[in-house]
Amino acid sequence: MKKYRNTLFYFGVTGGFTALIYWIVTKGKLLEGNKTIVHPEASDSSWGDFLTSMIHNVQDPLAILLAQIIMIILVARLFGWVFKKIGQPSVIGEIIAGIALGPSLLGLYFPDFFHALFPANSLENLKFLSQIGLILFMFVIGMELDIKVLKNRAKEAVVISHASIVIPFALGIGLAYFVYNRFAPEGVKFLSFSLFMGIAMSITAFPVLARIVQERGMHKTKLGAIAITCAAADDITAWCLLAVVIAIVKAGTFESSMYIISLAAIYVLMMIYLVKPFLKRIGDLYGSKDSLSKPVVAIFFLLLIISSYATELIGIHALFGAFMMGAIMPDVPKFRTVFISKVEDVSVILLLPLFFVFTGLRTEIGLINEPYLWKVTGFIILVAVVGKFFGSALAAKFVGQSWRNSLIIGALMNTRGLMELIVLNIGLALGVLTTEVFTMMVIMALVTTFMTGPALDLINYIFKTTDHDEEIDQSKYRVLISFGNNEKGKSLLRLAHSLVKKQNESTSITALHLSLSDEMHSFNIEDKEKSSFSPIVKEAVILKQEITTIFKATLDVESEIIDIANQGDYDFLLVGLGKSIFEGTLLGKVIGFTSRIINPERLLDKFTRKEGLFVNSPFDERTRQIVSKVKLPLGVLIDKELKEVNQVFVPVYCPEDSFLIDYAQKLIYNNNTSVTFLDMNGHMESNFVIASAIGSLKQKFPKNVILNNESILYNEFLSNQDLMIVSLESWKDLLDNSSEWLSAVPSVLIIKP
């Protein structure tokens, strides 16, 4: 009886109260006698009522906005993916997706669908939502600027960045002189029009530039650091200049704009001397805690909105306030990481594509319908490239950079991207630019951003010979090795040493060993630590390599490794994969962290029959967690008693494997390693980036670099090798395809960038 009690209670309560509801409704109908009831018109067809209701629902403003967001995100992701595949920044694809959904393409060929998806009365909702996205995005941009880097390289950065603003700004004003009569809106003064043309010519897209530098592996080089620093200085200067320009345009004259500029100066001083110290105190209080409470997060977001609101009231646009708030965030990596992770996905994936489409709705390529207009567009592009590209390059050459580096800096600074669109939209909203000029300038932004990648490839191709020391990263390179047993730890140390040997003074190696806390007692912790590190320390003495050691007792080894790697100041994490795959545990270990094997049972059966291997995977889940959750570059060493790193081979399976060239270069430079690049699918010839990078490396180290087009590996070749370096994705593909030669490979370093 006891087990039926809940059932009886459920039916008793629901049945009893359902009957009560029915009784109340029945009695309530008697009250209608005192009221005049208006009955809806009866329809001949219930299907017709349903269709009428559906049409009404589809035309609801919220339904229209949601349909717009769905379409925008899908198309933006598709175009971004396509352009990333062809070696362009995904933001280019997203911008073109916005134009494609506008009147230039969708509205031209599918006008009914276009007007149904983007009715005129819905554009205000799209506009305000996209502006919220921009505010969040500019907040992230402000946080990503490293003011310390600006201080360290202030002299070079200020000269190059200010030259890259002044020269195109002057050329933009000169261009305005020739196009003012034909293209300026009615009632707009030449001062306002020319200032906006100047600022539009002088902007640089810091986010796009930083992404290009990172994707090409330049962010760890001196050249990449200079480019990012110049772009950061350019960003700060350009946004301050834009605030002044907006103030002048809104005020009408320079004299009356001084009131707005004075208010803006007071705002900046308050943010620096009042708000920033307050935020720093919060950062000091909560920076060491594991997580930020919701009230603390609310304070920062509230200040972000207040800052944006203040600059909007002053008259220098809300985006400047968001940028300023990001720039003064506490200099605590954890704080900035938390807020960037909270904001970036929402702003970049969800809201920024709305801005691209809103820009696309204002861009009408069809307006440029005469040869004369296309000539003007071409002239605008020419002025933009001459001013920004060559202006930056000449300034870089003047401060002592080589011609190659100067031209690379010029090509990067010529990138305009999203930041240009923000400026153009502000100009169009203020009525300073016509739709015609706006469209021409959007085309210029696309062309100058699109040309960055090919321009960099061409410069690298022309300047094949360059001083190697310019490209070798002389900045601090910090390696963390995590080992479970002594022999694997020694192999990891030998490998790490080979990556940094010649740069010993500017590098560091930290050895991490974790023990389960239930395996130790307080009285033997010191002995355990000493015995754990003794072989590693002896090996370090033999290698003449200084190391730092970290020993911890923990209940969760993999989580501790992940936390130490992510929260520490490291550039590369090296871990072992447990017992060697060559001791009979290859597939057990690898399948543990490989999620893309199509049919592991078939693969296991094939290897166990041929090699007599067995499955034993005690660390599979641990390795998988580390691979998936560690945020810095990760190397997983499958060790076959690695003693030296003199002969290495790198199979290149896809264009994404290009980052492996950086690790090969480190081994060549630091360890005089001989590296054989294997062209497995023809990418070393067909992909210009890979071909150029490997060709340049071979020209600098002809005795150390070997090119091999053989896609079939023979045991004779493999037996002479010490190490194979392969990307994680390519390693997964190797297992998927059941590569026959896997059983004969030497030690393997699997790298996740």
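Counting only distance, with no hydrogens or angles, the side chain of N425 and the backbone of L421 share a donor-acceptor pair below 3.5 Å. Of the possible polar contacts, none joining the R362 side chain to the L428 backbone as a donor-acceptor pair under 3.5 Å is found. A donor-acceptor pair is defined here as one N or O able to donate and one able to accept, closer than 3.5 Å; such a pair exists between the side chain of T311 and the backbone of S307. For the pair R416 (side chain) and M201 (backbone), a donor-acceptor distance under 3.5 Å is present.
M143 is not listed as a side-chain neighbour of M325, based on a closest heavy-atom distance of 4.5 Å or more. Counting heavy atoms from C-beta outward, F389 and T448 have side chains that stay 4.5 Å or more apart. The closest side-chain heavy-atom distance from M440 to I368 is below 4.5 Å. Put simply, the side chain of F196 reaches to within 4.5 Å of the side chain of L430, judged on heavy atoms. A 4.5 Å side-chain heavy-atom check between T377 and M444 finds every atom pair outside the cut-off. Between M441 and V423 there is no side-chain heavy-atom pair separated by less than 4.5 Å. Considering only heavy atoms from C-beta on, L361 comes within 4.5 Å of L126 through its side chain. The side-chain heavy atoms of E94 and F79, taken from C-beta on, include no pair separated by under 4.5 Å.
Between Y180 and F190, the two ring planes are perpendicular [angle over 60°; tilted spans 30° to 60°].
Dense packing is recorded around CZ of F659, with more than 12 heavy atoms of other residues, nucleotides or ligands lying under 6.0 Å away. In K189, the NZ atom is not crowded: 12 or fewer heavy atoms of neighbouring residues, nucleotides or ligands sit closer than 6.0 Å. Other residues, nucleotides and ligands contribute at most 12 non-hydrogen atoms within 6.0 Å of the CH2 atom of W81.
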Checklist entry - How far apart are the C-alpha atoms of Q131 and H317, what are their side-chain angles, what is the distance that settles it, and do they pass the side-chain contact (heavy atoms from CB on, under 4.5 Å) test? => result CA-CA 11 Å; Q131 290 297 310; H317 210 280; 3.7 Å; yes

Item to check | salt bridge (charged side-chain N to carboxylate O under 4.0 Å, His left out) between E370 and K375, intermediate numbers included | outcome: CA-CA 9 Å; E370 301 175 17; K375 287 180 182 178; over 6 Å; no

Next on the checklist: Please evaluate residues K276 and M271 with respect to the criterion side-chain contact (heavy atoms from CB on, under 4.5 Å), reporting the C-alpha separation (whole Å), side-chain torsions for both, the decisive distance (0.1 Å), and the verdict.
Outcome noted: CA-CA 6 Å; K276 186 177 180 180; M271 293 295 286; over 6 Å; no

Next on the checklist: Using the rule given for side-chain contact (heavy atoms from CB on, under 4.5 Å), can you reason through V432 versus M197, listing the C-alpha separation, both sets of side-chain angles and the distance that settles it, and then say yes or no?
Outcome noted: CA-CA 9 Å; V432 178; M197 290 296 288; over 6 Å; no

Next on the checklist: Before you tell me yes or no, could you show the steps for I408 and N460 under side-chain contact (heavy atoms from CB on, under 4.5 Å), namely the whole-Å CA-CA distance, both residues' side-chain angles and the distance that decides it to 0.1 Å?
Outcome noted: CA-CA 8 Å; I408 286 177; N460 284 324; 3.8 Å; yes

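Rounded to the nearest 0.5 Å, atoms CD1 (I365) and OG (S104) are 4.5 Å apart. With values rounded to the nearest 0.5 angstrom, N414 atom CG is found 7.5 Å from S392 atom OG. With rounding to the nearest 0.5 Å, the separation of CD1 in I95 from CZ in F355 is 8.5 Å. Of the inter-residue distances, the one linking S192 atom OG with I248 atom CD1 reads 8.0 Å to the nearest 0.5 angstrom. Note that CG of L394 is 11.0 Å distant from CD1 of I160, once rounded to the nearest 0.5 Å. In this structure, CD1 in I167 is found 7.5 Å from CG in L171, a value given to the nearest 0.5 Å.
Across every non-hydrogen atom of I426 and L242, the tightest pair is CD1-CD2, 4.1 Å. Looking at every heavy atom in both residues, G315 comes nearest to I246 through O-CG2, 3.1 Å. Considering every non-hydrogen atom in both F183 and V437, the closest pair reads CB-CG2, 3.4 Å. When all heavy atoms are compared, the tightest approach of M413 to S164 is CE-OG, 3.4 Å. For the residue pair L373 and R182, the shortest heavy atom distance occurs at CD2-NH2, 3.8 Å. Between Y267 and I314 the shortest heavy-atom distance is CB-CD1, 3.7 Å.
The closest side-chain donor-acceptor pair between K388 and S202, if any, does not fall under 3.5 angstrom. When only modelled atom types and interatomic distance are considered, T415 and T452 share a side-chain donor-acceptor pair under 3.5 Å. Checked by atom type, the side-chain pair S122/Q68 shows a donor-acceptor distance below 3.5 Å.
For the side-chain contact (heavy atoms from CB on, under 4.5 Å) test with I99, the passing option among I443, V442, V357 is V442; the others fail.
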